[in-house]
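Right, one structure below, let's go through it.
Positions are given from 1 along the sequence. Only heavy atoms go into these numbers, but all of them, side chains included; no hydrogens, no water, no symmetry mates.
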Amino acid sequence: VCLRGIGLVPDAATEADLDALAAAGVVGIRLNYVHGGLLTWAGVKALAPRLAARGMHVQMLMNAHKHMAEIAGDVAALPVPVVFDHIGWPDIGAGVGEAGFEILRRLVAEGDAYIKLSGVYRLCQRPYEAAAPFVAALAEANPQRCVWGSDWPHIMLADALQPDAGVLLNAFLDTVTSEEARKQILVKTPGALYGFDRS
């Protein structure tokens, strides 16, 4: 399988459902903890052993300042990786010292969670300088648990402006200046997480 995907499943997903997704190149399932959806946190915990058996992970959208404290223990204990979207969708105004973001940073530092350095255009205006300290804190914590993404195709913009992927990448490169860290985040970590290094 050349492509990789993240799928949506309900709490009641069957073995056949998961097998079909795995065969199609789906390597993870998504939980939207902000807006809700098909899957719940209880459902994730129940499905986790079956996801682990298929080499899948959980991709999760949540607000670090609202949700991190309540789920951190479960995240560290799950038998599957948890990948948090959009730098944890933190409260930018509260700064990197906010308690929930600090818990997230610690989980990343200790290898108990992955983080997507993505979606900064949803959190602040171009040139995204307000998000830079959050990206830097996570990248410095553990680049082996960070991946970058453009968040294309940029749906459900709400109040956010349509971004330019090149500007987003430049903002990342301006913040993460180490060539070694860049290669880890842009190539090595996603290669391992999504299984491209096993293709």
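Side-chain contact between Met56 and Leu21: present, with at least one pair of heavy atoms (C-beta onward) separated by less than 4.5 Å. Side-chain atoms of Leu31 and Gln59, non-hydrogen and from C-beta on, never get closer than 4.5 Å to each other. Between Met62 and Leu104 the shortest side-chain heavy-atom distance falls below 4.5 Å. Residues Ile6 and Val27 form a side-chain contact, since some pair of their non-hydrogen atoms from C-beta on lies under 4.5 Å apart. For the pair Leu173 and Asn170, the minimum side-chain heavy-atom distance is below 4.5 Å. With contacts defined as side-chain heavy-atom distances shorter than 4.5 Å, the pair Leu39/Arg30 does not qualify. With contacts defined as side-chain heavy-atom distances shorter than 4.5 Å, the pair His86/Leu61 qualifies.
Thr189 and Gln144 form no side-chain donor-acceptor contact under 3.5 Å, judged by distance and modelled atom types alone.
Atoms OG and CG, on Ser150 and Leu168 in that order, are 7.0 Å from each other to the nearest 0.5 Å. Within the model, atoms CE of Met60 and CD1 of Ile29 stand 11.0 Å from one another, a figure rounded to the nearest 0.5 Å. Here the straight-line distance linking atom CD of Glu179 with atom CD of Gln184 works out to 13.5 Å at 0.5 Å rounding. If you take CG on Leu193 and NZ on Lys188, they are separated by 15.5 Å, rounding to the nearest 0.5 Å. Residue Ser118 holds its OG atom at 8.0 Å from CD1 of Ile87, rounded to the nearest 0.5 Å.
Summarising the geometry of Val108 relative to Cys146, their closest heavy-atom pair is CG1-SG, 4.5 Å, with the distance given to 0.1 Å. Nearest heavy atoms, Ala139 versus Pro143: O-CD, 3.1 Å.
Using modelled atom types, no side-chain atom of His57 and backbone atom of Val80 make a donor-acceptor pair closer than 3.5 Å. Side-chain atoms of Asp11 come within 3.5 Å of backbone atoms of Thr40 as a donor-acceptor pair (strictly under, hydrogens ignored). Side-chain atoms of Asn32 never come within 3.5 Å of backbone atoms of Gly37 as a donor-acceptor pair (strictly under, hydrogens ignored). The backbone N or O of Pro163 sits nowhere less than 3.5 Å from a side-chain atom of Arg126 that would complete a donor-acceptor pair. Side-chain atoms of Asp91 come within 3.5 Å of backbone N or O of Gly93 as a donor-acceptor pair.
Dense packing is recorded around CD of Gln162, with more than 12 heavy atoms of other residues, nucleotides or ligands lying under 6.0 Å away.
Residue Leu8 is not grouped with residue Val34 when hydrophobic side chains (ILVMFWY) are merged at heavy-atom distances under 4.5 angstrom, including chains of intermediate members. Val167 and Leu161 end up in different hydrophobic clusters when Ile, Leu, Val, Met, Phe, Trp and Tyr side chains are linked at under 4.5 Å. Residues Leu123 and Phe101 fall within the same hydrophobic cluster, defined by Ile, Leu, Val, Met, Phe, Trp and Tyr side chains chained together at heavy-atom separations under 4.5 Å. Ile115 and Val187 fall within a single hydrophobic cluster, where Ile, Leu, Val, Met, Phe, Trp and Tyr side chains are chained together by heavy-atom contacts under 4.5 Å.
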Inset, instruction - Test Val9 against Leu38 for side-chain contact (heavy atoms from CB on, under 4.5 Å), laying out the working first. - result: CA-CA 6 Å; Val9 300; Leu38 294 173; over 6 Å; no
Inset, instruction - Start with the C-alpha distance between Lys116 and Val83, add both sets of side-chain angles, then the distance that settles side-chain contact (heavy atoms from CB on, under 4.5 Å), and finish with yes or no. - result: CA-CA 7 Å; Lys116 291 179 75 176; Val83 182; 3.6 Å; yes
Inset, instruction - Show your reasoning for whether side-chain contact (heavy atoms from CB on, under 4.5 Å) applies to Leu117 and Val147. - result: CA-CA 6 Å; Leu117 307 179; Val147 296; over 6 Å; no
Inset, instruction - Evaluate the criterion side-chain contact (heavy atoms from CB on, under 4.5 Å) for residue pair Asp112 and Arg145; output intermediate values, then yes/no. - result: CA-CA 9 Å; Asp112 289 327; Arg145 289 295 183 267; over 6 Å; no
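Remark: Glu15 engages Arg54 in a salt bridge, criterion side-chain N to carboxylate O under 4.0 Å. Using a 4.0 Å cut-off between a side-chain N of Lys or Arg and a carboxylate O of Asp or Glu, Asp151 and Arg122 qualify as a salt bridge.
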Atom pairs and distances, donor-acceptor, side-chain atoms in residues 69-76, under 3.5 Å, two or more places apart:
| unit_1 | atom_1 | unit_2 | atom_2 | d |
| --- | --- | --- | --- | --- |
| Glu70 | OE2 | Tyr33 | OH | 2.9 |
| Asp74 | OD2 | Trp41 | NE1 | 3.1 |
| Asp74 | OD2 | Lys45 | NZ | 3.2 |

Extract all donor-acceptor atom pairs below 3.5 Å that involve side chains of residues 127-138 and protein atoms in other chains or at least two apart in sequence.
none

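Below 30°, between 30° and 60°, or above 60°: for His35 and Trp89 the angle between ring planes is above 60°, a perpendicular geometry.
The stretch residues 103-124 participates, sequence neighbours left out, in these ring pair (Phe, Tyr, Trp, His ring centres under 6.0 Å) pairs: Tyr121-His154.
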